[in-house]
There are 4 protein chains.
Amino acid sequence: MHRDGIASVGAPGDDQVPVIADKPPARRRRKDGEARREAILDAGLEIFSGLGLHGASLDRLAERAGLSKANLLYYFPSKEDLYLAVLRRVLDVWLDPLQELDADSDPAEAIRAYIRAKLTLSRDAPQASRLFCLEIVQGAPLLRAELEGPLRGLVESKAAILRGWIDQGRIGAHDPHHLIFSIWAITQHYADFAVQVDAVTGRSLDESDFFESTVASTQALILTGLGLR
Amino acid sequence: MHRDGIASVGAPGDDQVPVIADKPPARRRRKDGEARREAILDAGLEIFSGLGLHGASLDRLAERAGLSKANLLYYFPSKEDLYLAVLRRVLDVWLDPLQELDADSDPAEAIRAYIRAKLTLSRDAPQASRLFCLEIVQGAPLLRAELEGPLRGLVESKAAILRGWIDQGRIGAHDPHHLIFSIWAITQHYADFAVQVDAVTGRSLDESDFFESTVASTQALILTGLGLR
Amino acid sequence: MHRDGIASVGAPGDDQVPVIADKPPARRRRKDGEARREAILDAGLEIFSGLGLHGASLDRLAERAGLSKANLLYYFPSKEDLYLAVLRRVLDVWLDPLQELDADSDPAEAIRAYIRAKLTLSRDAPQASRLFCLEIVQGAPLLRAELEGPLRGLVESKAAILRGWIDQGRIGAHDPHHLIFSIWAITQHYADFAVQVDAVTGRSLDESDFFESTVASTQALILTGLGLR
Amino acid sequence: MHRDGIASVGAPGDDQVPVIADKPPARRRRKDGEARREAILDAGLEIFSGLGLHGASLDRLAERAGLSKANLLYYFPSKEDLYLAVLRRVLDVWLDPLQELDADSDPAEAIRAYIRAKLTLSRDAPQASRLFCLEIVQGAPLLRAELEGPLRGLVESKAAILRGWIDQGRIGAHDPHHLIFSIWAITQHYADFAVQVDAVTGRSLDESDFFESTVASTQALILTGLGLR
DNA sequence: GATGAATGAGCGTTCATTCAT
DNA sequence: CATGAATGAACGCTCATTCAT
């Protein structure tokens, strides 16, 4: 139903068939190379998110990406390099919704939209969420720098917006960091713990009524919690 | 400060030095055997939670547990067996607080206590939480049965309690499953994503003021969200 | 004819069959382990001296030593470790004759004996000489430290003896370092360049008349060169 | 100080910039082609002499020669082909001084000149000497034919000259083969075992006083050994 | 001529597991 | 109980070589 993987999310419509068939060879070759890189990254997302860095083997990755192990290593010099490349692509996509949070918006509307955007990602790119989760849970041995740099900066700037709203009395007093963590935790839970959600409820975000009820529930909990209802 | 691991939680005071030194050899040996099993399970928790099933090697596990690889395999016939044993011990501890949720309690009090109990576990046994998270995120290949059996049953029975409270108008109308997931998500986030929390805020649940503010924040968000304030 | 390898030189008679068959198991096991180590070192000498560090494969080494590749790595943690162990054993044997050079001896007799000892080594342990040669020629990447330490010290002390003899007018004035290098060069040539010697003359040190004529020739050249005839 | 490599020895002044810039393309291309061949051979000498046939990789060779791996294989169809080409060029240069040995010369003068010529090569083209040494030490698997053919013939003819001088009583009686081997061994030692010489004495043939004293020492030893002093 | 892309074979090494003692 | 020794399978990676362009 929903495309699993983040290519479709990060760059929709990217893989349109070219109208004119015979491009000059140089360009065709480069296109092919980049398409292969993408295929490898897609395979990496799929397999790393299910087995972790150590559980994934180059053989499986290559097989899934449709090329030979040696050829895969031509594009990414080591398994870890591939893993990191996948992780970075994930991180970018994953933080995108937060970037949108704007001081000039209506707080209720902005938070409602943010929750929906995050849950949409959890539905459309659950593997990305899981891979990110896997890495963080294990102590982020390869991503720590990115967490302490860009992520921290982004969160600080958005926390400032929330604090502004609190100071203006537009939302209830609730520590901005805790609020952000709570929204992250709840929305990502439906991707990261999807098997558990499924085991307990038999439902998945792929079912649109469950998706909508999850969005509504989460929005209600948070907005009411912030005194916005 | 807080003991990391769940032995201290599940079986406090377990490793006291026996008062009388020379027990009969048969009994001593058996005691030693169980102590060794515990030591191996502790090592397993520590290492599996940091490296995952595939990232952990028997060599490391044995070294950490203080015995030889071959001897470790005497106690647990395979790496997967050990992994499962650790996981099961974790699951028991992890579900314990939910068992306490009682229909006859005051809803606000019960939920407040539940949140505190879960966050206490996140503080005192973060590795257990992480190991459980790791397993679920990867699709619970070895735990699915336990999720669909005991876990589902437990959640259903507690959801029924919540539904009862809602029907009685004692808490706001909020889907019980979503409510339980939200509490799980938020409280476990502080264990599972501890590095991220630390990277962004520089704080950890080990610091008692941060622990208390986290408890208060979460209780406020959930209880307000349920119209209990 | 002559045992190739240095075990026979360094530790003659070492592998005698024990008179009493059933040793206690602990001792037997250790014996076996050491015998295997020796077998591996022998295989290492044989193969490294013919193919160099990079040309030798663990598969070949293991096959020659009569065990599995994985088992070989149980005794030596890496190929390079094995290579170094072989090299060190070689170096010890190789420098031994020089140690014997004694200030109190008759110079002519001492030099004559030294030349014979070196040529005997070239005959009995040519692979050791070749492995050492291979390593030095490639710049001694793994042995440089040993050259600048122990070797240099040994040479200096023996050069002092030669210088003493020169000062006493007992041998002709010839720079001691150059003299030592010349003797090394000539005597080792018959091991290191054995194929070339064979290609040009059709002879080998294994033939006793060629061995004796080589000894005589070299002694004559050097001793006459030093004015001792 | 001294150019390392044999291009400078075998074909001095070969890489002069052409006076007239724009040659007709056909000829230019061919010239470029040969220059590239030379560059590859130079790279081959440098790298093979340091790492051996098996230790050198096409990637390194291509990088050093300044072209792509695939292009390198256009000039030499396989790594072994390149290795052999380098080796043959080395062999030619290496035997050159011996060719000069002339029956009509004064024996003392001829031998003195030969020693100096060989040591000059050891100084100016040590890598050539080392590569040759490496190959012979490993049993000359690729060069045996050349040793038993041209080399043997050359040595035989020169040994005849020496034997003539002996018969005429112009030099002391010393087996010609042994004499040639001794001169080879000593003179090449300063190239092949340069690291060892350096480790022991701290000197190198690149220092002109050490070079001259080595020449003098060697000439003295050999000529005195032959009763020419 | 020149090169980027591709690959099969092999390498050194790790690892879970077995076995004898 | 406990361990040193042993192994087959798999792993990540390198490499000489090929091929299409």
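Here is the naming used below: chain letters follow the sequence lines, and residue numbers restart at 1 for every chain.
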Atom [atom1] of [X] to atom [atom2] of [N]: distance rounded to whole Å?
X	N	atom1	atom2	answer
D:Leu61	F:dT17	CG	P	11 Å
A:Asp59	F:dG12	CG	C1'	9 Å
C:Leu73	F:dC11	CG	C1'	14 Å
D:Arg37	E:dG1	CZ	P	11 Å
C:Glu34	F:dG4	CD	P	16 Å
A:Tyr83	F:dG12	OH	C1'	17 Å
C:His54	F:dC13	NE2	P	20 Å
B:Leu58	E:dT17	CG	C1'	8 Å

Rounded to the nearest 0.5 Å, what separation is found between the CZ atom of D:Arg36 and the CG atom of D:Leu41?
13.5 Å

Take C:Leu72 and B:Ala70, find for each the nucleotide of DNA chain F with the closest heavy atom, and name the residue whose nucleotide sits nearer the 5' end.
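By nearest-heavy-atom nucleotide position, the 5'-most residue is B:Ala70.
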
Measuring from the side chain of [X] (C-beta onward, heavy atoms only), which nucleotide among [options] has the closest atom?
X	options	answer
B:Lys69	F:dT3, E:dT17, F:dC13	E:dT17
C:Ser57	E:dC11, E:dT3, F:dC13	E:dC11
A:Asn71	E:dG12, E:dA6, F:dT3	E:dA6
D:Ser78	F:dT17, F:dC11, E:dA16	F:dT17
A:Tyr75	E:dC15, E:dA5, E:dT3	E:dA5
A:Tyr74	E:dT13, E:dG4, E:dT17	E:dG4

With side chain to side chain contact (heavy atoms under 4.5 Å, CB included) as the test, would you mind laying out the steps for A:Ile40 and A:Leu67 before giving the verdict?
CA-CA 9 Å; A:Ile40 297 170; A:Leu67 36 64; 3.8 Å; yes

Touch check for D:Phe76, heavy atoms < 4.0 angstrom, all strands: base, sugar-phosphate only, or nothing?
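If one applies the 4.0 Å heavy-atom cut-off, D:Phe76 turns out to touch nothing in the nucleic acid.
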
May I ask you to say what A:Ala62 touches in the nucleic acid, namely base, sugar-phosphate or nothing, with a heavy-atom cut-off under 4.0 Å?
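Here A:Ala62 touches no strand at all.
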
Salt bridge or not for D:Arg89 and D:Glu38, using N-O below 4.0 Å?
yes

Any donor-acceptor pair under 3.5 Å linking the side chain of A:Glu135 with the backbone of A:Leu142?
yes

Is E:dC19 paired to anything, Watson-Crick or G-U wobble with both distances less than 3.5 Å, and if yes, which nucleotide?
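Paired with F:dG4.
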
Please examine the side chains of D:Tyr83 and D:Val86, heavy atoms only from C-beta on, and report whether any two atoms are closer than 4.5 Å.
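No - every pair of side-chain heavy atoms lies 4.5 Å or more apart.
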
Taking OP1 and OP2 of E:dC15, is either one under 4.0 Å from a side-chain nitrogen or oxygen of B:Arg60?
no

